[in-house]
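Read the structure below first, then the notes.
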Amino acid sequence: MNLNHHYDLAVIGAGPAGMAAAIEASRNNMKVLVLDDQTAAGGQVYRQIDRNYHKNDKLFFLGEDYWLGKKQVEDFKHSSAEFFPESRVWQITQDKHVFFSRKGRAYQVEANFILISTGATERPMPILGWTLPGVMSVGGAQTLLKSNNSGADGAVFAGSGPLFYLTIWQYLNAGFKVGAVIDTAPGRLSWSHYLWALPALLQLNLLLKGLRWRSHIRKNTKYFSEVRSVSISGQSTAESVSFLDKYGEKKKLYASHVFLHQGVVPNVNLTMATGLKHYWCPRQLCWHPETNIYGESSLKGIYVAGDGSGIAGASAAILAGKTAAKHIVQYSRRPSIFITFLSKLKRYKHVAARPFLDILFCPPKEWRVPFEDETIVCRCEALKKADISSAISLGVAGPNQLKSFCRAGMGRCQGRMCGLTIQKMIAEYNNISEKDAGYYRLRPPIRPLTLGELASLAED
Ligand SMILES: Cc1cc2nc3c(=O)[nH]c(=O)nc-3n(C[C@H](O)[C@H](O)[C@H](O)COP(=O)(O)OP(=O)(O)OC[C@H]3O[C@@H](n4cnc5c(N)ncnc54)[C@H](O)[C@@H]3O)c2cc1C
């Protein structure tokens with residue numbers, strides 16, 4: 001592996017934001033390194049685009065937004081940036097050393113600037129039965145579709161949000177039979193929806209696209225709207241889904257595959273473990289790293305761009321990556337107030353609809369903290385709601401103290417699947433805000449690391 005020890009810019013994540021930054025910085029003669037844990041560039045949205053493009057049937061069912069990424073991936077491949085796929089970054093130090101593992105070996109590089117563009121992750125959805133084999137996140141179902149053109153006929157989709165409708169639409173276009181769609185979005189809009197709908201009109205195309213997906217889904221599936229109290233049951237695998245329909249009537253559907261989704265949140269494991277400052281975003285109900293309009297974080301020279309700094313979508317991620325790279329290229333020159341204003345204006349065009357979408361698809365409370373005591377909350381340690389509640393009632397001050405009481409959040413996922421639920425449970429028990437309840441203190445390595453990999457660092 002032909003790796004230098006020093007780079008001008010190290011980019012973590014080759015999604016739309018990371019690729020845009022790498023293209024811009026390498027155009028300006030910077031020595032750029034890009035690391036991503038997937039096998040190819042593209043991130044979540046353009047996953048496997050290169051390989052799919054060269055397939056005979058070209059998987060047109062993924063939609064035109066997917067294929068828009070082809071040009072960006074081509075530009076990235078033709079840039080001078082050095083790209084190492086299958087590289088898991090597990091630590092960044094404040095003096096800008098990046099540690100990562102690739103094919104069983106660990107490496108360390110140093111950079112003048114670092115851009116963290118590690119994207120989003122799906123919000124945990126702890127409902128009864130969510131850990132049964134056959135139950136997956138909608139993002140997982142979409143990953144299978146993009147990676148292998150594989151899916152499950154007769155699957156039931158439960159949840160709401162843009163990625164939810166997009167994936168069902170792609171599933172139907174791909175020719176898979178959808179068992180049923182259980183939609184939890186509100187049926188009637190309130191005054192706050194209408195208020196936020198006004199600026200959202202600036203992204204009318206996006207809204208119309210969403211409406212088209214939803215109407216296609218309604219026409220072509222067994223569709224239940226305004227659903228509540230969803231749970232999954234089965235002996236050793238998923239067998240059925242129960243819920244209350246909009247009239248309050250109890251329904252039960254038989255399905256061996258259930259795909260769940262209630263939105264995406266920034267993937268903050270790396271930014272938190274690096275020690276960047278974060279703030280609680282009450283509208284998106286999750287933590288965001290603190291950055292200025294150019295993406296520079298609370299640590300000088302370390303930037304965050306794309307969905308990892310707040311959910312805003314692929315086009316905003318591209319703009320954020322490019323803006324960060326431009327700022328890095330001209331680092332010693334402070335941008336004028338006018339340039340800063342222009343940057344904000346440019347960004348607004350890509351995020352105008354976001355507050356409306358955030359409010360419309362706000363996760364229902366019963367899906368943020370499970371109703372039933374038997375529901376597993378921390379999957380890695382197999383801890384149920386009852387286990388966590390009894391530990392909290394012993395007087396736990398926050399998620400970090402809870403770790404020593406019951407090991408919640410100490411498993412392989414490092415809290416990705418339980419952190420937000422546990423934070424809310426602690427807030428509710430102590431009658432404090434979620435912000436005050438706080439989050440896990442994350443520590444490197446943020447990804448599993450073998451002793452052999454660690455030892456291989458000494459070979460350099
Ligand atoms: C499962 C899922 C599916 C999605 N599908 C779509 C879609 O089809 N259409 C759409 O418009 N939006 C989709 N989104 C939302 C979407 O992620 C974005 O709007 C857009 O891709 C954000 O771009 P980004 O560059 O910020 O991050 P991403 O595209 O997510 O790219 C981040 C990259 O960083 C890598 N990475 C993360 N952590 C590490 C690490 N520690 N070490 C190395 N690499 C790392 C990831 O593997 C990924 O390739 C999806 C989100 C999720 C969570």
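As a basis for the values below, the full set of heavy atoms in this structure was taken, side chains included, without hydrogen atoms, waters or symmetry mates. Counting starts at 1 for both ligands and their atoms, following the listed order.
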- Which atoms from ligand 1 have a heavy atom of R447 less than 4.0 Å away? 37 (C), 38 (N), 39 (C), 40 (C), 41 (N)
- Under a 4.0 Å heavy-atom limit, does P16 contact ligand 1 with its side chain, its backbone, both, or neither? both
- Note on the structure: Numbered in order shown, the ligand 1 atoms found under 4.0 Å of a heavy atom of G306 are 26 (O)
- Message: Tell me whether the count of non-hydrogen atoms from other residues, nucleotides or ligands lying under 6.0 Å of NZ in K403 goes above 12.
- Response: yes
- Item | Residue A314 vicinity, atoms of ligand 1 by number, heavy atom under 4.0 Å | 19 (O)
- Query: Just wondering, do F243 and L253 contact through their side chains at under 4.5 Å, heavy atoms?
  - Reply: yes
- Task: Verify the distance criterion only: is there a donor paired with an acceptor across the side chains of H327 and Y303 at less than 3.5 Å?
- Result: yes
- Which ligand 1 atoms, with their elements, are less than 4.0 angstrom from a heavy-atom of G139? 1 (C)
- Tell me, which protein residue and heavy-atom name are nearest atom 15 (C) of ligand 1, and how many Å apart are they? D307 OD2, 3.8 Å
- Ligand-residue contact atoms, ligand 1 with G15, heavy atoms, under 4.0 Å: 25 (O), 29 (O), 31 (O)
- Item | Side chains of Q423 and W280, donor plus acceptor under 3.5 Å | no
- Message: Does the residue K146 have a heavy-atom contact with ligand 1, meaning some pair of atoms that are separated by less than 4.0 Å?
- Response: yes
- Tell me which protein heavy atom sits closest to atom 46 (C) of ligand 1, plus the residue, atom name and distance to 0.1 Å. D37 OD1, 3.5 Å
- Should the proximity of M19 to ligand 1, defined as any heavy atom under 4.0 Å, be assigned to the side chain, the backbone, both, or neither? neither
- Task: Between N269, T39, L166, flag the one that comes closest to atom 7 (C) of ligand 1 by a heavy atom.
- Result: L166
- Query: Given that the side chain starts at C-beta and the backbone is N, CA, C, O, which of these parts of S87 lies under 4.0 Å from ligand 1, counting heavy atoms, or is it both or neither?
  - Reply: backbone
- Give the residue, atom name and distance (to 0.1 Å) of the protein heavy atom nearest atom 11 (O) of ligand 1. V45 CG2, 3.7 Å
- Note on the structure: for atom 6 (C) of ligand 1, nearest protein heavy atom and its distance come out as L163 CD1, 3.6 Å
- Query: If hydrogens are left out, which of R123, Q44, Q142 has an atom nearest to atom 52 (C) of ligand 1, that is, the closest non-hydrogen atom?
  - Reply: Q44
